[in-house]
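Quick note on labels: first sequence line is chain A, next is B, and so on, each numbered from 1. Please read these numbers as outputs of a predicted model, since none were measured by experiment.
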Amino acid sequence: MLECKNLSISYNGKKILHRVSFRVTKGDIMCIIGPSGGGKTTLLRTIAGLVPVKEGQIVLGGKSVTRHKPEHRPVVLMFQRSVLFPHMTVLENVNYGLKLQKIPRERSQQMSMDILKRVGMEDYFHVFPYELSGGQQQRVAFARALVIKPKLLLFDEPFSSLDPVLRMSLRTWVRNMLKDEGMTALFVTHDKEEAMIVGDQIAVMANGMIHQTGSPLEVYKYPDNLVTAKHYSEGIILEDHYFISSRFLRLRNQSWQGNENEFTIRGTVLGKWMRSAQLFYQVEIPHLSQYIIMPSEEEVEIEETVQLTVEKKYISELNNINGEVREC
Amino acid sequence: MKWFNPETIKPWLLLLPSVIVIGFLVGYGVWEAIAESFREWETGKWTVQYYEELLMKEAFWDSLFLSMYIAISSTLASLLIGLFLTRVLQRYFMNYRWKSLVWLPMLFPHFVAAYLIILFLSESGILSSLFYHFGWVNEIADFPFSIQSQHSAGIIFTYIWKEVPFVILMLLPIYQQFSPEEEATVRTLGGNSWDVFKTTEWPSLFPVLIETGIILFAFTLAAFEVPSVLGITYPKMLPVLSYQWFFENDWSNRPLAMAVMIITTLIILFIAFLSFWVTQRRRMHIARGR
């Protein structure tokens, strides 16, 4: 459905995207996760046609759209802000894309009202955007994008300005809506939990490159490079070359006597809290300058020294320590 | 008592100096002008005869049309050129040096600007001399551009040169608050560059353009220096006509001079109220929406 082949973008001699290649099948949602400045937004803008491509190709629905203007691509881009037009009512906003397509007024208004019903905003059709909450504005922006039936929806951290409760409810709501509509989507986020909930596929992106793609759990469990281990998976990185996944780590108190098959790391408890009936600890590992969050049944206090243990066989080697380009 | 509440009185006290200045200088001046235009100058009796007389004078109507023509054309041209320059050069205006260069004309008084136009563009100015020097005209008098023509090109040029920086000054903050997201949204919803302008820029620009336009129109319609330096003998712009009538030896024309200025003020007020009424609703939505 969407295929990016060796996309490269440079600006003022600096490489923003470097040979980015990936594929998203029809109806799938791919979440792109990674640190700020890694090229995620540029990638979305490039696919939307807002950044000219000099090297590489973008194929959508079997056709190359690499040289097409943004208005001629069946792609809609959504942002952190809803970017609703403040001088238009909710209905006029939703109707905007249909009006540009020159769909007769009566039909376009009906289509807009239908989509407003689907997003639960039909009662607000006559109000102006400033009268809506942040979440409602995002729903309207979503309706405005959906109503023109694009082949691909691009989301650039759409929920990052919302409060956590609203954010949580919108994640699943958007995923369900996209699935109901059979819409293919690329979803940029900083939040790995959000990426796991929303995405069918994950792409970890940093330094203008895609470092690993796969299903959310597969990539989480088996990071094969330093970038993925750092920015998506959870665990301890040793010498930038080895990785211990949190799944295999155990938190023990100071008196714990390990055996020869175990590898032990000392840390200090910085905080503890309950979540979902489970006790969590934030542990600092000073000599590695790393922090880790660990679930544990052990009763330890804040500032207490603890041991993190792992069976040596679970220490995995990161193949791609230099973050070299991976063909996905 | 509530009236003596310091918090209630404080804003009034703070406003008092400006209210006094406006009340006495402007208010009193306007009232005197109105009174003088409605009083017989010898007896002091109330009358509308000067307005009747004025409306019968061909010189007044010719001046009014000329003033409206100059005010409207220089205002529209300044707005269009200012809008174009702001839109095209907004990135450069972030740089202080570029900004200073564009705003330089604002430092010159209008009077000086009018003389600069004479210096450069008149039949005996620098440009005509250059044309002659390079052999593009046979005689200096053949220079094709006349600043003191019937079309009042010199006055209009002066106002454009002076007012375009003011338009840029007013529009630049609007352009600096636009984000690339707005353009991206319109483009990906299927809009072209014109739709981007119409949907994202124009609604914010329109009220500011109207406000700026009113300021420029009011200033141009009622200003004296430039038309007095660059204007032709007949017809004169309204302020020049009014000035001439006011300072004539014959005081009988003084009420006419005042009536001219009152009519000018009424035209400006009418246009200002009409424009604010048209833009008020849209301004509210834009202000709250951003």
**Prompt:** Does B:Ile168 reach the side chain of B:Trp103, with side-chain heavy atoms less than 4.5 Å apart?
**Reply:** yes
**Request:** Would you confirm whether the ring centroid of B:His110 sits within less than 6.0 angstrom of the ring centroid of B:Phe219?
**Result:** yes
**Message:** Under 6.0 Å between ring centres: does that hold for B:Tyr159 and B:Phe166?
**Reply:** no
Please classify the contact of [X] with chain B as side chain, backbone, both or neither, using a heavy-atom distance under 4.5 Å.
{"X": "A:Ile148", "result": "side chain"}
{"X": "A:Val83", "result": "both"}
{"X": "A:Arg45", "result": "side chain"}

**Request:** Select, from B:Leu189, B:Asn192, B:Val186, the one with the greatest count of heavy-atom pairs under 4.5 Å involving chain A.
**Result:** B:Leu189
**Request:** Would you tell me whether B:Tyr175 and B:Glu201 have side-chain atoms, one donor and one acceptor, within less than 3.5 Å of each other?
**Result:** yes
